[in-house]
Amino acid sequence: MDGDGDGQSRWCLSQVKGAVDDDVAEADIISAVEFNHSGELLATGDRGGRIVIFQQEQESKNLPQCHAEYNVYSTFQSHEPEFDYLKSLEIEEKINKIRWLPQKNAAHFLLSTNDKTIKLWKISERDKRPEGYNLKEEDGRYRHPSSLTTLRVPVFQPMDLMVEASPRRVYANAHTYHINSISVNSDNETYLSADDLRVNLWHLDFTDRSFNIVDIKPANMEELTEVITASEFHPLQCNTFVYGSSKGSVRLCDMRASALCDQHSKLFEEPEDPSTRSFFSEIISSISDVKFSHSGRYMMTRDYLTLKIWDLHMESRPVEIYQVHGYLRSKLCSLYENDCIFDKFECCWGGDDSEVMTGSYNNFFRMFDRDAQRDATLEASWESGSPGLPLKTWRVCAGSRRKRNEIGVDCLDFSRKILYTSWHPQDNIVALATVNNLYIFQEKLN
Amino acid sequence: MDVEAKRIMALSISKLYSLRTQRGGLRLHRSLLLSMTMRAARDIYHTAQQLRDAEEEQVVPCAPEEPMEITKDSPQTPNEVEMKPQEPKDTLVEDKENLCATERHSRKRRGKTALEPDFLPLKKARMDTDEEKQHLQSEVLRTNNGNSCRQAETLTAFTTNRAIGAC
């Protein structure tokens with residue numbers, strides 16, 4: 001069930017960002033990708049703790065067949081490596097997640113997190129500066145008092161656009177374990193952060209306190225069987241959030257029920273199929289990402305081999321299951337050996353919730369059209385054809401390839417993987433990260 | 001089936017071991033998954049061993065050999081297992097078989113610690129930062145009862161970490 005009939009999709013490569021070297025520095029590996037709420041800005045985070053924000057240019061009237069390009073808007077160092085002296089542990093500067101706040105004024109705000117600390121960044125533009133001070137020259141030197149004979153009011157003069165990023169809040173020391181998720185609440189005042197065993201609720205204005213709302217740490221750590229792997233607030237109901245676990249279940253919690261939401265309101269769990277049980281069943285059932293639909297009616301979970309769409313009204317089983325790369329089911333042992341089985345893939349919804357997307361190996365990504373019940377495998381590569389040309393769809397076959405745009409399972413490159421993806425909130429533009437490159441694909445407009 | 005189980009078990013142990021040296025501290029999720037996989041493989045392997053041993057003679061346990069395995073580098077550990085399948089692993093299995101159920105679940109699981117070196121997470125990830133110090137202390141206590149060379153290893157590892165911290 002792969003691809004359209006004619007092997008062409010309606011997606012085309014728009015841009016590629018990043019160096020084309022074969023030798024990739026560890027620090028340059030992208031670890032987070034996120035569009036803001038308008039889609040005008042696209043943020044990426046990397047393992048070196050840096051954030052690069054791209055801005056979409058104003059729509060060009062000359063090129064109606066494609067959306068405007070994204071260009072670098074701001075680059076800043078969000079997190080630095082730290083050392084926890086008490087525990088003798090190094091804290092990586094790698095950016096785990098970026099989440100934008102809805103825009104309230106001219107400035108843009110985003111939350112970025114590494115393993116231990118969340119930061120609120122303000123990104124603002126400066127295109128004027130005051131000139132005509134009485135006591136100082138333009139270069140900052142103080143004027144000699146005897147040369148002061150007149151008094152004037154400084155005026156704002158235009159200057160070259162400068163984009164400044166400044167840390168407004170640092171939310172630290174609230175997580176014993178590694179932070180895997182942050183999610184801004186629809187109330188625009190609070191947000192949650194989740195680590196392996198706890199979920200904390202913060203108010204954006206207060207950095208010295210957070211409320212623990214979920215705690216699954218057992219009294220005896222030897223009895224630990226499950227960790228939290230992903231968490232998100234409901235897009236519309238500010239009292240509702242979900243968290244996914246390493247056992248493949250998702251719990252929905254209502255903060256009105258109690259202060260500590262250890263008792264879930266709903267448990268979304270699909271009974272395991274005993275016929276597919278193997279040594280690796282636990283690992284591949286671990287939820288790597290959970291995302292609500294824009295409507296708030298559905299929720300999508302990603303585990304190692306599948307994408308599942310759940311109706312929030314039905315806990316017993318998902319309403320839709322999509323095989324991302326089912327051909328890997330027989331390769332789990334090798335994937336365990338090379339650690340790929342632990343890869344955590346993200347997933348995302350299209351703007352109108354009719355399509356969903358997730359990444360795979362060999363720089364493939366998978367598009368699923370829920371309405372048409374069709375899926376496509378596309379490739380993110382420099383050779384994806386010229387910008388503007390529709391991408392060809394691929395097919396992975398068990399044996400050796402027979403046709404063009406087919407590839408055998410054993411030829412897949414597992415070092416080239418697409419873990420991080422983001423979909424523009426309104427338009428059909430997707431951004432995804434290969435190891436160190438950012439790819440932007442657009443739907444062909446006609 | 002048990003050959004694969006043993007391979008996965010050895011693989012899991014070496015992965016758990018290499019987790020300790022990874023930047024960023026022990027990953028709880030990863031160690032949990034590795035421990036679970038290792039345990040599942042070990043259970044299959046032991047079940048197969050039990051069936052096999054029911055037909056074979058008893059092997060005399062030789063405990064002093066175990067610490068030598070632990071002091072070797074991690075890449076060698078799976079090789080060791082592969083090359084000498086009948087020796088230490090069998091004795092460890094025997095040791096485990098002879099433990100009564102209550103002892104097996106006690107904190108002083110000597111049979112198990114021999115299988116998995118002290119400084120590895122035993123069963124599930126136990127690297128709780130609050131309890132880590134207690135855990136290390138209790139490891140030291142346990143090795144007091146056992147082998148002195150293991151104690152030295154643990155203490156050395158602990159001290160080295162502190163030294164780095166002080167810099």
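Order of the sequence lines fixes the chain letters, A, B, ..., with proteins taken first and strands second; residue numbering starts at 1 for each chain.
Side-chain contact check for A:Phe342 versus A:Ile283: some heavy-atom pair is nearer than 4.5 Å.
Donor-acceptor pairing under 3.5 Å is lacking for the side chains of A:Asn180 and A:Asn96.
A salt bridge is defined here as a Lys NZ or Arg NE, NH1 or NH2 lying under 4.0 Å from an Asp or Glu carboxylate O, and A:Arg251 with A:Glu226 meets this definition.
A salt bridge (charged side-chain N to carboxylate O under 4.0 Å, His left out) check over residues 269-279 of chain A, counting only residues at least two apart or in different chains, returns the pairs A:Glu270-A:Lys308, A:Glu272-A:Arg277.
Heavy atoms closer than 4.5 Å to chain B are found in the side chain of A:Ser286, but not in its backbone. For A:Leu197, the part lying under 4.5 angstrom from a heavy atom of chain B is the side chain only. Residue A:Glu82: no heavy atom, backbone or side chain, is found under 4.5 Å from chain B. When heavy atoms are compared at a cutoff of 4.5 Å, A:Tyr336 approaches chain B by way of both its backbone and its side chain.
Contact count against chain B (heavy-atom pairs under 4.5 Å) is highest for A:Asp115 among A:Asp195, A:Asp115, A:Ile341.
Take A:Asn212 and apply the side chain to side chain donor-acceptor pair (under 3.5 Å) test, not counting sequence neighbours, and it matches A:Asn200.
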